[in-house]
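Report on the structure given below.
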Number of protein chains: 4
Amino acid sequence: MVIIMEKGTSESLIERIIEKLDKDGFDIHRSTGVDHTILGVIGNTSRLDVRDLQLMQGVADAYRITAPYKLVSREFKSHDTTFKIKDVEFGGSETVVMAGPCSIESKEQITRIAEKVAKSGAKVLRGGAFKPRTSPYSFQGLGEEGLQYMREAADKFNLVMITEVMDKEQIALVEEYTDIIQVGARNMQNFTFIRALGKSKKPIFLKRGIAATIEEWLMSAEYILSGGNQNVIFCERGIRTFETYTRNTMDISAIPIVQKLSHLPVFADPSHGTGIRNKVIPMARAAVAAGAHGLMVEVHDQPDKAVSDGAQSLYPDQFEELMNQIRVIANVIGRKVAESK
Amino acid sequence: MVIIMEKGTSESLIERIIEKLDKDGFDIHRSTGVDHTILGVIGNTSRLDVRDLQLMQGVADAYRITAPYKLVSREFKSHDTTFKIKDVEFGGSETVVMAGPCSIESKEQITRIAEKVAKSGAKVLRGGAFKPRTSPYSFQGLGEEGLQYMREAADKFNLVMITEVMDKEQIALVEEYTDIIQVGARNMQNFTFIRALGKSKKPIFLKRGIAATIEEWLMSAEYILSGGNQNVIFCERGIRTFETYTRNTMDISAIPIVQKLSHLPVFADPSHGTGIRNKVIPMARAAVAAGAHGLMVEVHDQPDKAVSDGAQSLYPDQFEELMNQIRVIANVIGRKVAESK
Amino acid sequence: MVIIMEKGTSESLIERIIEKLDKDGFDIHRSTGVDHTILGVIGNTSRLDVRDLQLMQGVADAYRITAPYKLVSREFKSHDTTFKIKDVEFGGSETVVMAGPCSIESKEQITRIAEKVAKSGAKVLRGGAFKPRTSPYSFQGLGEEGLQYMREAADKFNLVMITEVMDKEQIALVEEYTDIIQVGARNMQNFTFIRALGKSKKPIFLKRGIAATIEEWLMSAEYILSGGNQNVIFCERGIRTFETYTRNTMDISAIPIVQKLSHLPVFADPSHGTGIRNKVIPMARAAVAAGAHGLMVEVHDQPDKAVSDGAQSLYPDQFEELMNQIRVIANVIGRKVAESK
Amino acid sequence: MVIIMEKGTSESLIERIIEKLDKDGFDIHRSTGVDHTILGVIGNTSRLDVRDLQLMQGVADAYRITAPYKLVSREFKSHDTTFKIKDVEFGGSETVVMAGPCSIESKEQITRIAEKVAKSGAKVLRGGAFKPRTSPYSFQGLGEEGLQYMREAADKFNLVMITEVMDKEQIALVEEYTDIIQVGARNMQNFTFIRALGKSKKPIFLKRGIAATIEEWLMSAEYILSGGNQNVIFCERGIRTFETYTRNTMDISAIPIVQKLSHLPVFADPSHGTGIRNKVIPMARAAVAAGAHGLMVEVHDQPDKAVSDGAQSLYPDQFEELMNQIRVIANVIGRKVAESK
């Protein structure tokens, strides 16, 4: 932590602050300039609230000079984290594509779609079994029955399975079926929940909250890693801005930024990032071009009949075309995308 | 729902859309203009996703013409909702002030502060027993022990008690102690949680999410009311904007807006809304001047020793001064604030 | 400027940076901590781009420790700036109200409205003669003819006159008529324009850009003061956020913040801040309660016939009621509002 | 325009609104539903302020059903606008790259950089001669002298020239030198200025304001087209959001959206969009992958010596590598990038 004293602060005031911090167990390095005296605070400053220091008499400003997160940082671990599920490597040289419907609607539906996305080169099957929605009057999901259908469909076409868990009590149940646990944007800062995920043996797919800064996003992952679960995948899915043409504004720049700050994989979800089918494809290409480790894309063979988010789901042939395009783009930055079958 | 067809759409396309909606059980009112044909869709349109209609061939745009919420709206209930706890009326002509520390730190601390705020005219004691924080390395709260201290302090000084519940499993425990259940901004769209609160007998104090639109905020209250709990209090506590001087930007205009759209009480929390002590007082005055039904303010007698949010807590004498000021301001709009003792 | 070196940076790297800054004429204060070496850079750092330093090899981060503005700051001038036009004092103990129509439509219209607002206690007449609009197809204003009508109306009722100048070439013309020059939100960072205003003898009413941070707003005023014009009035009029219910979100907290950072007066414009008539009154009360030195309010006696912004204009009787309310509120914080006649 | 009447509005109220609109010269199509009566307003509704209608007694809501812009829209002109300068086609199948320094610093500097970027395949030379900055204390540009150096450099290497014009009076001067006139983000809504550009014979490069919605951006172009200048190029350069890690958040999704709404070319400026050198390359790739018609990139051979924005300028070899990458990416969507020499 660095504390900047106001121009012409009295020596006694400076002394008082040094004493207080010293009493709290910090080492102080003082540097006296012409205008400003600067105090470097050394020690476990994560206990300090910057605002408390800023409000002290004589203090002009105060800054934290070390990131509040540790385990997720490149400073802590310089090389990329990679892990395998079945034969799929995450965080490595392959651009992994997760695809499937927003909601699991029936055994037939999830099986049909699983076959199609597997054919196009997707390695992971996505789909939701629990769907609490903004409106209490909308479809709320098939529950465990949906998880069973999805597991069978994933196994049948040799796909890794990912599905969302809505709260703590669901974790145990969903873990019995899924390979990867998805945390929705709204739960990114539900700390009692993400703390519990730190104890899970399954990798966590952590979506960015629509109002979360990159630092807050990394702090949420810090919760999970500090709990013992080292396999977290970040997923950018759009932030809330003043622009209302799209449901959210996808922050593509978050991809290279997080890759610089952290060793964990970074994916992108252009379906929720845009909310409009004909924008999903260009944004998916953009995310891969920006260096994403993977994509999560909604695919539905009858979007107009989908019980949720049909408007942002790709038709299987659109998905096939997208896969062909990103195979070339991934190559440009030394990544590869699985071939179609 | 209203659907605007594109300029010069073929009759057959229009027919196809009318047929589809008719098959889905909606009545269609068609109005043919010079440039545009407009379709009025009558029925339970909450089942429809506007974006699906917008993507249909020939459709220029589509709008929902009825608010997605019902029970919370003025259309459903025109007069203000009021309810009493002990002798304190919420939503009525009194501007109710809730005050206390951010976290309950000890029996002595909560008792000392309860006495002081009661003296100044506060009617409700606030304080947190569970404190999951952005950082996994910060103080996490006293838990049930804290709830006991707080209940005793509230009763001793005849104050109503409000405290935050972090998740579903805590509800039953906290209900044994508190009079009002507080839902934090981060949980405003945690739907499994707020649905559970619809079954609670205690009034719910629903803070606005930092990225929540007013409509989303009302939808969350709709969850609670549709579950059977009619007593919800809205609380504006700041939204996230590009301005970083304050932690959040308090949206004072949300107070009159929500009062126009809904019959439920609207409070404001200037402490979290600004995050800086010397901004809390002017913003508290502003909220009362704008017509808030009440305030939630953090007060601590030793802010510099507070384990959390000390920087935004008022000193008891500052709080006393604030109460004196808002007594005059509330009067201007026909409200009153309790006298000091 | 403070530079934080990365953990374990080599001595040679640190030396290289010290040398470079030394060559550029800065004094360096070095403080070597356990983890981090901190360099304090002393000198005219306004020449440095923080990002250049942040990109240097071995640098973890860099911060500017002095505000980029000087003349507008409290550090430069601790007591409030006040100035008089006719008998009206700005920045002092009176809460000054500016009122009038959005656009000057005719001699009769501006005279009628001037009489009404003067009766209610307004001290300044507002109105626009030039109205370039978002749409090239809307009314564009009466021009000089309008300025003449407005000057006559202001003089007739002993009101100070304020009107907006759209660009450099208009300054000389408008100066012949007006007492205060208004700079619109869109021109706040039109630097060739505001630089020219530094040479004007008239006080400048500087509206905040809808995407301007408080620091950028102060920097724009710095342009004007550095040009020689010391009389600038800040005006908060709403910032752009994700909330679309109101046209802009009025940042009431900017009022106490700017008053802390600067010695110049701070006004608020609730008409543009909300864009909806029935929200103007509560927001005007809120601004006064937060400590604003004055208000700018749109008043029209036939809002439904107004050629522009009728929807946000108050009826004269609403304005009269508002004035009565803020007289009481201003009192609470030791200010006064002129009586009605 | 569509007007939705409130549930159970009296027939007389509906009649009154119909009469008023009829008197104003609009045709009304009425459709009476079970709950709501809907009025379709036909005519030149650009004269109406939606908010005025929304405030009328009995009106639940009102919507504009036609975009406020005409000439820039796909409805007005369905096929892409393309135009040539020298041998360079804009808006066509080539992804055109504009490159050069932020500021023209000397004849040698602009000539050196022009040669380098031309070698790598850039077709347009960018550079600023007038640099009013946020701070009145920074470098302000070489002026006309800089324009001469730049014109010579562009001709020497057969490059098209683009430079920014800051205000109306500069137009005539700059037109003597440049091929394309750049309008900065801060001037996007400086209407007296952009109206004047409608009379220019030079194509206009219109950057998006950092707080401008896509609709407002298109409206600004409408000003230029309605003035007679049909050649406008849009340029996305980042919008202001709550995320402060990057200077702005580049809205990549604006590229496909504007291409759908308008027939005019859309470029992207990743240098200002990110403000950090090591983020420029991934974002430039992303923009091309999303379908941009071109890029504007800052290149400097001595960024650390640059008088402005050095931190976001690419080194010539980084630029060369970027060009190689986007050649492959552009191909994926059927575009091509000029070869290096």
Side-chain angles (χ1 to χ4, degrees), chain A residues 208-218 236 238-261 268 270 273-276 278-292 321-322 324-334, chain D residues 208-218 236 238-261 268 270 273-276 278-292 321-322 324-334:
Chain A
R208 179 183 186 179
I210 63 168
T213 61
I214 286 169
E215 183 171 293
E216 290 168 333
W217 195 15
L218 268 57
E236 163 65 29
I239 58 176
R240 180 153 278 177
T241 70
F242 64 79
E243 178 58 71
T244 55
Y245 189 95
T246 44
R247 202 191 233 179
N248 298 114
T249 299
M250 217 173 152
D251 181 7
I252 295 286
S253 62
I255 296 165
I257 291 169
V258 173
Q259 288 174 333
K260 185 189 172 222
L261 299 175
T274 63
I276 314 168
N278 54 31
K279 302 295 170 294
V280 171
I281 292 177
M283 294 309 284
R285 288 192 309 246
V288 172
E321 186 199 357
L322 172 61
N324 293 334
Q325 295 180 328
I326 63 172
R327 268 183 205 101
V328 183
I329 296 173
N331 251 319
V332 171
I333 52 171
Chain D
R208 179 183 185 180
I210 62 170
T213 62
I214 287 170
E215 183 172 292
E216 291 168 333
W217 195 14
L218 269 57
E236 163 65 29
I239 57 176
R240 180 152 278 177
T241 70
F242 64 80
E243 178 58 70
T244 54
Y245 190 95
T246 44
R247 201 190 232 179
N248 299 113
T249 299
M250 218 174 149
D251 180 7
I252 294 286
S253 62
I255 297 166
I257 291 169
V258 173
Q259 288 173 332
K260 187 192 170 218
L261 299 175
T274 63
I276 314 168
N278 54 29
K279 302 295 170 293
V280 171
I281 292 177
M283 294 309 284
R285 288 192 310 247
V288 172
E321 185 200 357
L322 171 61
N324 293 334
Q325 295 180 327
I326 64 172
R327 270 185 202 100
V328 182
I329 296 173
N331 250 318
V332 171
I333 52 171

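By convention in this document, chain letters (A, B, ...) are assigned in the order of the sequence lines, proteins followed by strands, and residues within each chain are numbered from 1. As the structure is a computational prediction, the values presented were derived from the model and not from experiment. The figures that follow rest on heavy atoms only: side chains count, while hydrogens, waters and symmetry mates do not.
- Most heavy-atom pairs under 4.5 Å with chain A, from the set D/T241, D/V328, D/N278, D/I214: that is D/I214.
- The part of D/E243 that comes within reach of chain A is its side chain, from C-beta onward, which places non-hydrogen atoms under 4.5 angstrom from that chain.
- Heavy-atom distances place no part of D/R327 under 4.5 Å from chain A, backbone and side chain included.
- Put simply, of A/A211, A/A287, A/A284, A/A254, the one with the most heavy-atom pairs under 4.5 Å next to chain D is A/A211.
- Between A/D251 and the options D/I252, D/T249, D/T246, D/D251, a side chain to side chain contact (heavy atoms under 4.5 Å, CB included) holds for only D/T249.
- At a threshold of 4.5 Å between non-hydrogen side-chain atoms, the residues D/F242 and A/T213 count as touching.
- No other option in A/G238, A/A212, A/A289, A/P270 has as many heavy-atom pairs under 4.5 Å with chain D as A/A289.
- Chain A forms more heavy-atom pairs under 4.5 Å with one residue of D/L261, D/I276, D/V288 than with any other, namely D/L261.
- Closest of all the heavy-atom pairs between D/R285 and A/G291 is NH2-N, 4.4 Å.
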Please report the C-alpha distance between D/M283 and A/S253 in whole Å, then the side-chain angles of each, then the deciding distance to 0.1 Å, and finally whether the side chain to side chain contact (heavy atoms under 4.5 Å, CB included) criterion is met. CA-CA 7 Å; D/M283 294 309 284; A/S253 62; 3.7 Å; yes
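- For the residue pair A/A290 and D/P282, the shortest heavy atom distance occurs at O-CB, 3.7 Å.
- Interface remark: D/M250 contributes backbone atoms only to the contact with chain A (heavy atom separation under 4.5 Å).
- Of the listed residues (D/I255, D/V332, D/I333), the greatest number of heavy-atom pairs within a distance under 4.5 Å of chain A belongs to D/V332.
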